Each structure stands twice: as C-alpha cells, then as structure tokens.
Amino acid sequence: MKLRYFVIVVVVIILIVLFLLGKRVDVRTNKHVAELDEELQEILYLGSLAPNSHNIQSWKIEIYPGENYLTICLDESRRLKVVDPKDRELYISLGCYVETLIKSFSAYGYETKYEICQDENYVRLEYSKTSGVIDKELISIITKRHTDKRAFDRSVGISEKEYSYIDENNRGIYFFSVGDNKFDLIKSETLEAYTEQAYNKEVAAELSSWLRFSDKEALDQKDGLPAEQLGISGIKKMLYYLSTNHESAQGESFAKQGITTTKNQLDGCTGFVIVNSVDSAKELILCGMKTVDLWLDLTKDSISVQPMSYAIECVEYRETLEKELGIANIQMILRVGYTADYGKNAAIRRDLADYISVK
Ligand SMILES: Cc1cc2nc3c(=O)[nH]c(=O)nc-3n(C[C@H](O)[C@H](O)[C@H](O)COP(=O)(O)O)c2cc1C
C-alpha cells in the first residue's frame with residue numbers, strides 16, 4: 001500500500017516537473033535600437049511579427065530617421081536553398097513583412113508610401129506621422145495573428161459573409177470549401193507532396209537546421225521553429241524536446257510522425273485559400289502583401305490559418321494543381337478554419353538591432 005502511494009506521488013511530481021519545464025518560452029525580443037525613438041522601436045517590433053517561411057526572418061532594414069524613410073531588403077544568408085531554390089518564398093515573406101510593417105505604422109498614426117525598387121530587390125518605405133491616435137484594435141490584431149498548426153473544428157464552415165471577402169478572384173485569391181472536388185484534390189496533393197519531402201534527406205536536413213530542440217536554443221537563436229511554433233505545449237513539448245534532436249529529426253520515425261500530423265491537419269480543416277501571382281520578385285512581394293492583408297481580416301474574424309507550401313515546392317504537384325484548378329502560378333495555399341480558442345502568437349522574433357541599422 002505504502003509502495004503504491006509512493007509511486008503515485010513520484011509520478012505526480014514527474015508530471016508537474018514536465019509540465020513546468022514545458023511552459024511556453026518567452027524569448028523577450030530586445031526592441032532597443034540606438035538612436036531610434038521608442039515609438040519607432042515598437043512599430044518595427046510589431047512589423048517583425050509578420051508571417052515568414054520557416055520563421056527565418058530573412059529581412060534587413062536600413063532606417064534614415066532624419067529623412068523619415070527606411071529600406072527593406074533580403075538577408076540572403078538566410079535562404080532556404082533546398083525547398084526554395086528560386087527565392088519564391090523569400091520574396092513572399094519579404095512582402096508579408098512590408099505589409100505588416102505598413103499596418104503597424106498605420107496603427108501608430110503614420111501614413112506610408114512604398115516603392116519596390118531597383119531590380120525589385122528592395123522596398124523603400126516613407127513614413128510620416130499624421131495622427132496622435134493609436135489604433136489599439138489594429139495592434140491587437142497584428143499581435144494576435146499567427147500560424148495555427150492544430151487541427152481545426154470540422155463542424156464549423158466558413159460563413160457567406162467571410163466567403164465574400166476571401167473569394168475575390170479578381171485580385172488572385174480563391175476559396176475552396178470542404179465538399180468540393182477541388183478541395184479534395186488540394187488536400188491529397190498536399191499530403192503526397194509532404195510525404196515525398198518528409199523522406200527527402202536534403203529537405204529533412206534543411207528543416208532540421210531551422211527546428212529548435214530546447215528553450216535554450218530558442219532563446220539563443222530567437223528564430224526558426226521551436227515547439228511553440230509547431231503548436232506543441234506543456235508536457236508534450238517536454239517529451240518532444242527529450243526525444244528529438246537535430247539528428248533524429250532527419251530520420252524515418254520523425255518523417256512518419258510528420259506525415260501523421262500533416263494528415264490530421266488536412267483532415268481538420270473546412271477550406272483552402274489559394275493566392276496566385278506572377279513569379280517575378282516584384283509580384284511575389286505584392287503577393288506576400290495581399291496575403292497578409294487577407295490574413296489580418298481572417299484574424300479579425302478569428303479564422304485560423306496555416307500556410308501549407310509543400311505542393312507548391314514540388315514542381316510536379318504545383319503543375320497538377322495549376323492545371324486541375326485552372327489557376328496559374330499558385331504561390332500560397334492556406335488551410336483555414338475555426339478553433340475553440342484562436343490561440344496566441346509564439347512571438348519567436350530576433351532582437352531588432354540584429355537586422356536594423358540606423359543611417
Ligand atoms: C511563404 C510562406 C510559406 C509558409 N509555408 C508554411 C508551410 O508549408 N507549413 C507551415 O506549417 N507553415 C508555413 N508558413 C508559416 C510560417 O512557418 C510562419 O509564418 C512562421 O513560423 C512564423 O510564425 P507565425 O505565422 O505564427 O508568426 C509559411 C509562411 C510563409 C510566409
């Protein structure tokens with residue numbers, strides 16, 4: 001009897017320890033940039049909460065506060081050479097950053113004017129303060145938006161009202177609802193492409209280099225995909241960190257687990273949004289901008305989003321989808337749906353001074 005009591009106490013203590021160790025990491029991004037006023041620091045931090053492929057945060061900023069403008073360009077040292085050899089996602093991510101930053105300026109009472117410049121390799125953004133009113137609602141929407149990798153509620157579909165602003169084909173945004181044959185096709189092509197990538201050694205090695213396997217690694221790097229970015233929390237997070245590392249993440253059992261997770265994600269959704277645009281750098285930046293514009297509208301309505309790029313990253317799957325759906329140059333596939341609670345952005349973001357220089 002005494003032994004049984006002892007075992008129960010030990011198990012409970014272990015569970016409590018695992019739970020405490022598994023609590024959400026707070027990377028406490030340092031917003032300080034010498035010679036920049038606090039409001040600009042806040043705006044630049046808010047802008048950095050933009051969605052971006054693998055959370056690589058591949059942007060570099062030069063800011064000229066005396067002249068009220070900044071430039072945003074790619075940090076090519078952060079490229080995803082294997083899954084994104086033509087920098088398609090890099091430019092889309094840059095566009096996501098630009099649009100989030102524009103919205104952040106607007107929330108703090110600034111007007112902005114952007115220009116995609118010189119071989120389309122950087123964006124110039126002018127800003128001027130025109131109002132003292134701070135739009136707290138917009139700030140909370142930008143802060144709330146995040147990628148949700150959980151399965152969504154299959155019993156609640158996207159309503160007519162939301163459908164009307166999502167499905168604006170004239171600006172290259174298309175919606176496919178569960179029950180439609182085309183929805184099934186997007187689902188099956190995505191799973192097949194993911195499966196092919198999961199067993200590809202080069203793809204696995206690249207992904208593994210951006211996965212983080214401890215709070216320490218997340219705190220040191222402040223980028224990439226720690227458990228929080230994968231939607232793993234609490235005891236599951238601790239077990240994940242205890243059982244996985246950069247080497248095992250390139251192995252077969254990790255691949256199998258990823259396929260199961262992806263299948264659950266695809267089963268748990270009620271719609272796909274497709275965004276298309278021409279493949280040039282400029283159009284890809286614009287594509288990222290319109291994606292964020294839509295994503296923030298969806299966030300306002302508490303519709304959860306997960307981009308699923310696997311089928312676009314594999315030429316043959318992308319071609320099949322483009323042909324069967326009759327949509328040229330598919331750039332983003334977003335899995336959308338509702339969850340009981342919208343959840344929070346993990347806010348794994350680098351210190352501003354790491355990529356912002358003041359001129
Ligand atoms: C161009 C692009 C492609 C992406 N592809 C995927 C993807 O295939 N699978 C996925 O789970 N998330 C994908 N994401 C989401 C990013 O992983 C996510 O934005 C990033 O980790 C930052 O997290 P947050 O959106 O929660 O702020 C993509 C995002 C962008 C902008």
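Numbering of ligands and ligand atoms starts at 1, following listing order. A quick note: this is a predicted structure, and the numbers were derived from the prediction, not measured.
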What is the closest protein heavy atom to [atom], and at what distance does it sit?
atom                    : answer
atom 30 (C) of ligand 1 : Ser53 N, 3.6 Å
atom 26 (O) of ligand 1 : Thr147 N, 2.9 Å
atom 16 (C) of ligand 1 : Asn52 O, 3.2 Å
atom 4 (C) of ligand 1  : Ser309 OG, 3.4 Å
atom 21 (O) of ligand 1 : Gln229 NE2, 3.0 Å

Report, in ascending order of atom number, the atoms of ligand 1 lying under 4.0 Å from any heavy atom of [X].
X      : value
Gln306 : 10 (C), 11 (O)
Lys149 : 10 (C), 11 (O), 12 (N)
Asn345 : 27 (O)

> Under the salt bridge (Lys or Arg N to Asp or Glu O under 4.0 Å) criterion, do Lys182 and Asp180 qualify, and how do the steps go?
Replying inline: CA-CA 5 Å; Lys182 292 178 174 172; Asp180 183 337; over 6 Å; no

>> Applying side-chain hydrogen bond (donor to acceptor under 3.5 Å, both in side chains) as the test, list every pair that has at least one member in residues 23-36; sequence neighbours left out.
In response: Lys31-Glu42

> Mind checking whether Leu219 and Phe213 sit in one hydrophobic cluster, side chains of I, L, V, M, F, W, Y counted as touching below 4.5 Å?
Replying inline: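 In one cluster: no.
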
> With distance as the sole criterion, is a donor-acceptor pair present between the side chains of Glu89 and Asn52 under 3.5 Å?
Replying inline: no

>> Checking the N or O distance criterion of under 3.5 Å, is ligand 1 in contact with His146?
In response: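 In fact, backbone or side chain, His146 has no N or O that close.
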
>> Any nitrogen or oxygen of Pro307 lying under 3.5 Å from a nitrogen or oxygen in ligand 1? Just yes or no.
In response: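 N/O-N/O distance under 3.5 Å: yes.
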
> For ligand 1, does Gln57 get within less than 4.0 Å through its side chain, its backbone, both, or neither, judged by non-hydrogen atoms?
Replying inline: neither

> Where on Ile348 is there a heavy atom closer than 4.0 Å to ligand 1, on the side chain, on the backbone, on both, or on neither?
Replying inline: neither

Quick one: does [X] get a heavy atom under 4.0 Å from ligand 1?
X      : result
Leu225 : yes
Arg88  : no
Met332 : yes
Gln265 : no

>> I need the single residue from Arg78, Gln229, Arg349, Arg350 that forms a side-chain hydrogen bond (donor to acceptor under 3.5 Å, both in side chains) with Asp223. Which is it?
In response: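 In the set Arg78, Gln229, Arg349, Arg350, the residue that makes a side-chain hydrogen bond (donor to acceptor under 3.5 Å, both in side chains) with Asp223 is Arg78.
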
>> Taking atom CG as the centre, does Asp341 end up with more than 12 heavy-atom neighbours from other residues, nucleotides or ligands that are less than 6.0 angstrom away?
In response: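 Count over threshold, so yes.
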
>> Could you check whether any side-chain N or O of Ser248 sits under 3.5 Å from a backbone N or O of Thr244, counting only pairs where one atom can act as donor and the other as acceptor?
In response: no

>> Could you tell me if Arg335 sits above the aromatic ring of Phe152, with its cationic atom closer than 6.0 Å to the ring centre and no more than 45 degrees from the axis?
In response: yes

>> Please find the pair of heavy atoms, one from Tyr342 and one from Thr339, that lie closest to each other, and give the distance.
In response: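 Here Tyr342 and Thr339 meet closest at CA-OG1, 3.7 Å.
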
Side chains of residues 59-66: which donor-acceptor partners sit under 3.5 Å, not counting sequence neighbours?
from: Glu62; atom 1: OE1; to: Tyr64; atom 2: OH; distance (Å): 3.2

